[in-house]
Amino acid sequence: FSQVIRGMCGVPVARLASGAGQSEIAAVVGGIVRAGRRPVLLGSSPAQVGGFGGSPTMVLNLTTTQYPHVLTQPPGAPWRARYRIWMSAASGAGAGV
């Protein structure tokens, strides 16, 4: 959802690799704070975003269908897709540092 957030909200977006450690996340959050911006963390569970202040809040809970992303054959029947996004705003001037 990075491009959607950047395009719809007009704000910079960073994406960390799956499995990024707390120290890596803290470094990114600290850099955002030092740049004078308010860091907002998004993840697929409350546990992913709850460690940096603020209360995790579910901001997207969408069940829909989508066609397979196979480029070597015609698409088959659509499958169910479920998207859940949790958000937490890092709190305090030293958040993540």
Side-chain angles (χ1 to χ4, degrees):
F1 287 90
S2 298
Q3 181 57 42
V4 173
I5 294 166
R6 185 178 13 256
M8 296 296 293
C9 302
V11 295
V13 176
R15 182 176 189 273
L16 294 169
S18 178
Q22 290 282 69
S23 62
E24 294 168 299
I25 297 169
V28 171
V29 169
I32 293 167
V33 170
R34 285 188 298 280
R37 294 193 167 270
R38 179 176 168 236
V40 175
L41 304 170
L42 301 176
S44 61
S45 71
Q48 285 185 331
V49 299
F52 296 92
S55 297
T57 304
M58 185 180 284
V59 294
L60 179 72
N61 186 7
L62 173 67
T63 301
T64 186
T65 58
Q66 68 181 29
Y67 283 97
H69 298 202
V70 179
L71 300 178
T72 58
Q73 62 190 29
W79 61 48
R80 245 180 90 160
R82 178 116 193 220
Y83 300 100
R84 286 187 182 141
I85 297 179
W86 289 81
M87 178 183 84
S88 179
S91 59
V97 179

Do [X] and [Y] make a side-chain contact, defined as non-hydrogen atoms from C-beta onward lying under 4.5 Å apart?
X	Y	value
R84	L62	no
S88	V40	no
M58	I85	no

Could you tabulate the donor-acceptor pairs under 3.5 Å formed by side-chain atoms of residues 6-18, not counting sequence neighbours?
| from | atom 1 | to | atom 2 | distance (Å) |
| --- | --- | --- | --- | --- |
| R6 | NE | Q3 | OE1 | 3.4 |

Please report the closest heavy-atom contact between [X] and [Y], naming both atoms and the distance.
X	Y	value
P68	A77	CD-O, 3.7 Å
I32	R38	CG2-C, 4.2 Å
A20	I25	O-CD1, 3.9 Å

* **Other residues, nucleotides, ligands: >12 heavy atoms within 6.0 Å of R80 CZ** => no
* Between R34 (side chain) and G30 (backbone), is there a donor-acceptor pair under 3.5 Å? ->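 Flag set: sc R34 to bb G30 pair under 3.5 Å.
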* To the nearest 0.5 Å, tell me how far L60 CG sits from W86 CH2. =>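 Reported value, rounded in 0.5 Å steps: 11.5 Å.
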* Roughly how far apart are W79 CH2 and Y67 OH, rounded to 0.5 Å? ->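 Between atom CH2 of W79 and atom OH of Y67 there are 12.0 Å.
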List the atom pairs, with distances to 0.1 Å, where a side-chain N or O of residues 41-49 and a protein N or O form a donor-acceptor pair under 3.5 Å, not counting sequence neighbours.
| from | atom 1 | to | atom 2 | distance (Å) |
| --- | --- | --- | --- | --- |
| S44 | OG | Q48 | OE1 | 3.1 |
| S45 | OG | Q48 | N | 3.4 |
| Q48 | OE1 | S44 | N | 2.5 |

